[in-house]
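Before any comments, here is the structure.
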Protein chains: 4
Amino acid sequence: MSDLAERRKEMMNSLMRDSVYAAAVEILTNQGVDGLTMDRVAETAGVAKGSLYNYFASKRDLINFIYGKTMEPTTLIFDEAMANHGSASEKLEGILRRWFEYFATNRGIFDFLFKNSRISDVAEEYKQSCRTKGIADLTVIFEQGIAEGTFRPVNALRAAEVLLGAVIVSTEQQLSTDEHRPAEEWTNTLLDLLLNGLKP
Amino acid sequence: MSDLAERRKEMMNSLMRDSVYAAAVEILTNQGVDGLTMDRVAETAGVAKGSLYNYFASKRDLINFIYGKTMEPTTLIFDEAMANHGSASEKLEGILRRWFEYFATNRGIFDFLFKNSRISDVAEEYKQSCRTKGIADLTVIFEQGIAEGTFRPVNALRAAEVLLGAVIVSTEQQLSTDEHRPAEEWTNTLLDLLLNGLKP
Amino acid sequence: MSDLAERRKEMMNSLMRDSVYAAAVEILTNQGVDGLTMDRVAETAGVAKGSLYNYFASKRDLINFIYGKTMEPTTLIFDEAMANHGSASEKLEGILRRWFEYFATNRGIFDFLFKNSRISDVAEEYKQSCRTKGIADLTVIFEQGIAEGTFRPVNALRAAEVLLGAVIVSTEQQLSTDEHRPAEEWTNTLLDLLLNGLKP
Amino acid sequence: MSDLAERRKEMMNSLMRDSVYAAAVEILTNQGVDGLTMDRVAETAGVAKGSLYNYFASKRDLINFIYGKTMEPTTLIFDEAMANHGSASEKLEGILRRWFEYFATNRGIFDFLFKNSRISDVAEEYKQSCRTKGIADLTVIFEQGIAEGTFRPVNALRAAEVLLGAVIVSTEQQLSTDEHRPAEEWTNTLLDLLLNGLKP
DNA sequence: TATGAATGAGGGTTCATTCAT
DNA sequence: TATGAATGAACCCTCATTCAT
């Protein structure tokens, strides 16, 4: 096959997967996880059910793709923060703000990812790996802060878990209560608590 | 029916439900949530499938029972802490220590509750309500601390979310990495971070 | 066993069956045929499910009993009419009037017997035998009328079918439209049609 | 999809439904209504159980189809008679004759429709509606006859019930006794009874 | 490659019947 | 004899996957 044809094919493939992704997100948003059948995905995406299997080896594979594509931006947030040349505090602030902003503009997907997290084992693994990566990144940042002298010499790993936990739980809580917190205020509150602690 | 017979019957009933609980936990541990079919529960519990329906009105009901029975001790931890007459810090310490201790001695169940938390909508609701209760309790404690003057006048609700998030995520993380942290050290680290913050 | 004991036993047996009959009629009236489970019959009758099987060999047997007991009065209507020493016309009138009166005072049971006739094969057979008996009786009456010279020498069997069909269908129709026709008027209309025909 | 393909698909669909119809009728004939399970229908039709659900949304739907397909010709008989420009007597004669002829050539189906008419609530409703329509049509005919002066001014509705009842019961009776009455003779007998009455 | 009908294992649930107490 | 928990076959229905076209 010529290089051109190959590239064309790859593009078609990518187009298809994107279209399926959109369909899946729509279904998940409207009907919840139990509504995500291959039939409905195919119908919503406007393709034949059989065709799905030309692009996804299995439903498991499809869900994996959805999960990955959805989480991609959040891992990017971390990646970019890590690549920046700023202080630990600045990095933290950047991560929090961008996370909360992304969340604010993508509530529907988050609803599926968090509240209805009963997707499949593969997604669970993926979620776990995202969390582990997030903790690792945060740990690095905290270690940087400690090295900089900005932070006390605490257990950086524990601090990372605390922060990620705070972010996740407050995000989920916001989803379940249908609140809409401004990313700015949210970021500041969290950072203040984390940096200054509770003691006067 | 005589009082004795009634009590006997109630005991048999309880025995059955416990036996089903054990079977369900075993299945969840070994095969994950998708493996939890009524057929398998019955087989594992060593009863006929139809018999399950003499004790649980539906699968939904059964899952509810499992979740409730598993979560019961954790809500007790909060209830008892709230009932104590101690300072906010003491209450926090009590909750954390007892939580981590309970966790340390019941990893199996947590494995199912957290890692495989994708059970059913009803369990999801239950989980959510536990979380909301936890946050409410913690909020009260933080408000008490603020009133006492022990804590800065922060947003108590946010602080509660931070702490619960920290507890949950660090618990999950410990599960996924197969670590075994001493409850004592864990409690102290978390409290130190929370109370003193990161800044030197 | 003494004669007394035997009679006592028989009476208990009869009492039980009557009580079950009442329960079954109540269920059929309120919940329809699909609601007639052995569980519900036992519960409504206030006995243990297992006890039912001491009085009825099977559900089939129970339904048979219900059907028979319900139809009994209607067959009595025919029996008594046949035993009377009146003209054919008087017999016909008696049958119709008493049938329609019995119907008027027992709509609930008829609802179950006619509209929800999907009971069981055994009941179907019973119903068929009732119908056959009714036709036989009516045939005799028509033959009597022909012999008396009151009726034309028509095919008595066909005439019997016509009358029984008229009765059944008009009864069912009345059930389905929730009408309440006076037995008197109904009887007269039917007799007039049957005796005088449509031609002027 | 091309027009051809669409038509082809529709034909396949129709073929499948017909094949399922045949299977259902066979089961109903041999095993009665309680034998009509989706499993057996699928097996008898030589398709997988799941495939049934590609053509019928539910068992209820399937039964509806069976009933409708079976009753269709009988409602046609009425429709055509009503459309004719004849006297009331001619219409009556036409209906009776064609009904009895249809019956004579389709005993198998009638066996299921009448003797085993205990199918499902939905079919019961259907049956009821057929009967109601029949009565309405006959009522119109009788009213026409009365207006023409051919019939006495009787209650047309009751007369309709009488005739439909006569038809139904004599049909059922014939089924249960395995008789074979010639449609001609049958029609004439019924008409004679109806028009001239019993009195000499 | 695209299609969508066919598949059939497996889902939760019901209920007539049995039997140890 | 009375009980009611236990049974398990059978029910209707779903849906991921396959494969002939």
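Here is the naming used below: chain letters follow the sequence lines, and residue numbers restart at 1 for every chain.
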Residue pairs meeting side-chain hydrogen bond (donor to acceptor under 3.5 Å, both in side chains), one or both in residues 39-49 of chain B, sequence neighbours left out, come to B:Asp39-B:Lys49
Readout for nucleotides 6-13 of chain F: B = base within 4.0 Å of protein heavy atom, S = sugar-phosphate only, - = neither; 5' to 3' it is BBB-BSBB
Margin query: For C:Leu36, is there any backbone N or O sitting under 3.5 Å from a side-chain donor or acceptor partner on C:Lys59?
Written below: yes
Which heavy atom of [X] sits nearest a heavy atom of [Y], and at what distance?
| X | Y | answer |
| --- | --- | --- |
| A:Val41 | A:Ala23 | O-CB, 3.9 Å |
| A:Met38 | A:Leu52 | O-CD1, 3.5 Å |
| B:Val47 | B:Met16 | CG1-CE, 3.7 Å |

Within this structure, what is the [atom1]-to-[atom2] distance between [X] and [N], rounded to whole angstrom?
| X | N | atom1 | atom2 | value |
| --- | --- | --- | --- | --- |
| A:Leu62 | F:dT17 | CG | C1' | 14 Å |
| D:Glu10 | E:dA5 | CD | P | 13 Å |
| D:Arg8 | E:dT3 | CZ | C1' | 12 Å |
| D:Glu43 | E:dT7 | CD | C1' | 15 Å |

For A:Asn13, the side chain to side chain donor-acceptor pair (under 3.5 Å) test, sequence neighbours excluded, returns none
With sequence neighbours left out, the residues meeting side chain to side chain donor-acceptor pair (under 3.5 Å) with C:Asn54 are none
Paired runs of 3 or more consecutive Watson-Crick or G-U pairs involving DNA chain F, with both pairing distances under 3.5 Å, are E:2-21 with F:2-21
Sequence neighbours excluded, the answer for side chain to side chain contact (heavy atoms under 4.5 Å, CB included) partners of D:Phe56 is D:Arg17, D:Val20, D:Asp61, D:Leu62, D:Phe65
